[in-house]
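Data block below; observations after.
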Amino acid sequence: MTPALPRCSLLILAGGRGHRMGGRDKGLLEWRGEPLVGHIHHTVRPLSDDLVISCNRNQQAYAAYADQLVGDAEADFPGPLAGVIAGLKVARHEWVVLLACDAPLVDQALIDDLRQLAVTSDSAAMVRQGGYWQPMFSVLPRRVLPVLEQAWAAGERSLQKALLREAVQGFECAEDDPRLSNFNSPELLHS
């Protein structure tokens, strides 16, 4: 029998510019009758009493889906690393599930598998797909915050590169795993 997983915080990144969506806020775009962030909310809400959304606009709309909202410390949409740093600063639990707002097909089984890998190895766990790291599907120990802050201070802006400064366990997923689909173009919203 698998031991119970420790409590976790959830961090959904929704702070991007939405370039590929014509500047629209991706998390709030409707898919199958609901904003993308709403689909993720339904999946993850039962997993935690601490759901944090990192957003740089439309805070009132996102507030309906979160226990806490954070924004980037710097203006002009500095990227996902800034959102992760802001989220880790307020997370109430030692383990943090990191997801993007535009992946509405993620499921609890994948999240639980990532959490189990992270807790068992006592390190970050991240999806690997076709040999590539997928940092938007990760479980992080909050103790990586100083490492990420140091990387930021040194000029690093890549979330993946900053996370890989520490030990990271890879959770292998098939290249065609639908749970990892990111809705990065307007056409995908009509599927």
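Excluded from the calculations below are hydrogen atoms, water molecules and symmetry mates; all remaining heavy atoms, backbone and side chain alike, are included. Here the structure is a predicted model, which is why all the values come from computation and not from measurement.
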State the CD-OG distance between Q169 and S121, to the nearest 0.5 angstrom.
4.0 Å
Which atom of Y65 lies closest to which atom of H41, heavy atoms considered
O-CD2, 3.1 Å
Quick check: do L180 and C173 have side-chain heavy atoms less than 4.5 Å from each other?
yes
Keeping the roles fixed (side chain from N56, backbone from G71), state whether a donor-acceptor pair exists under 3.5 Å.
no
Matching residue for Q116 among D113, T120, D112 - test: side-chain hydrogen bond (donor to acceptor under 3.5 Å, both in side chains):
T120
Counting only N and O atoms by type, is there a donor-acceptor contact under 3.5 Å from the side chain of S48 to the main-chain atoms of D50?
yes
Under a 3.5 Å distance rule, please check whether H39 uses its side chain to pair with a backbone N or O of W31 as donor and acceptor.
yes
Run L145 and V84 through side chain to side chain contact (heavy atoms under 4.5 Å, CB included) and show every step you take.
CA-CA 9 Å; L145 178 58; V84 171; over 6 Å; no
Between CE on residue M126 and CG on residue L164, distance to nearest 0.5 Å:
5.0 Å
So L163 and L148, do their side chains get closer than 4.5 Å, heavy atoms only?
yes
Pairwise distance CG(L140) to CZ(R142) - rounded to 0.5 angstrom
12.0 Å
The test is side chain to side chain donor-acceptor pair (under 3.5 Å); show your working for D177 and Q129 and say whether it passes.
CA-CA 9 Å; D177 190 328; Q129 186 182 30; over 6 Å; no
I'd like to know if the side chain of D107 and the backbone of L110 have a donor-acceptor N/O pair within less than 3.5 Å.
yes
Do the side chains of L11 and V97 get nearer than 4.5 Å, heavy atoms only?
no
Does any non-hydrogen side-chain atom of R92 lie less than 4.5 Å from one of Q68?
yes
In the structure I gave you, are the side-chain heavy atoms of D67 and V52 within less than 4.5 Å of one another anywhere?
no
Interatomic distance, E34 atom CD to L28 atom CG [nearest 0.5 angstrom]:
11.5 Å
Donor-acceptor under 3.5 Å (R165 side chain, V147 main chain)
no
Salt bridge present between R7 and D49 (N-O < 4.0 angstrom):
yes
Charged N to carboxylate O below 4.0 Å: is that the case for K161 and E156?
no
SB check E149 K89 (cutoff 4.0 Å):
yes
Going from CD1 on I12 to CE on M136, what distance comes out if it is rounded to the nearest 0.5 angstrom?
12.5 Å
Tightest non-hydrogen contact, residues L13 and G83, listed as CD2-C, 3.8 Å
What are the two closest heavy atoms between W95 and S123, and how far apart are they?
CZ3-O, 3.7 Å
Keeping Q108 on the side-chain end and T43 on the backbone end, is there a donor-acceptor pair under 3.5 Å?
yes
Working for side chain to side chain contact (heavy atoms under 4.5 Å, CB included), residues C101 and L36:
CA-CA 6 Å; C101 68; L36 289 174; 5.8 Å; no
Is any side-chain heavy atom of I111 closer than 4.5 Å to a side-chain heavy atom of F137?
no
Looking at G27 and Y62, what are the two nearest heavy atoms and their distance?
CA-OH, 3.3 Å
Crowding at CD, E172 (>12 non-hydrogen neighbours, <6.0 Å):
yes
If you define the side chain from C-beta out and look only at heavy atoms, does anything of I40 sit under 4.5 Å from L99?
yes
I want to check something: taking the side chain as every heavy atom from C-beta on, are R115 and C8 in contact at a cut-off of under 4.5 Å?
yes
V139 and L117: side chain to side chain contact (heavy atoms under 4.5 Å, CB included), yes or no, with the steps?
CA-CA 9 Å; V139 174; L117 179 59; over 6 Å; no
Could you state the interatomic distance from OG (S9) to CG (L47), rounded to the nearest 0.5 Å?
11.5 Å
Sidechain-backbone polar pair: R157 side chain, P80 backbone, donor-acceptor under 3.5 Å
no
If you take all heavy atoms of L81 and S158, which pair is closest and at what distance?
CD2-O, 4.2 Å
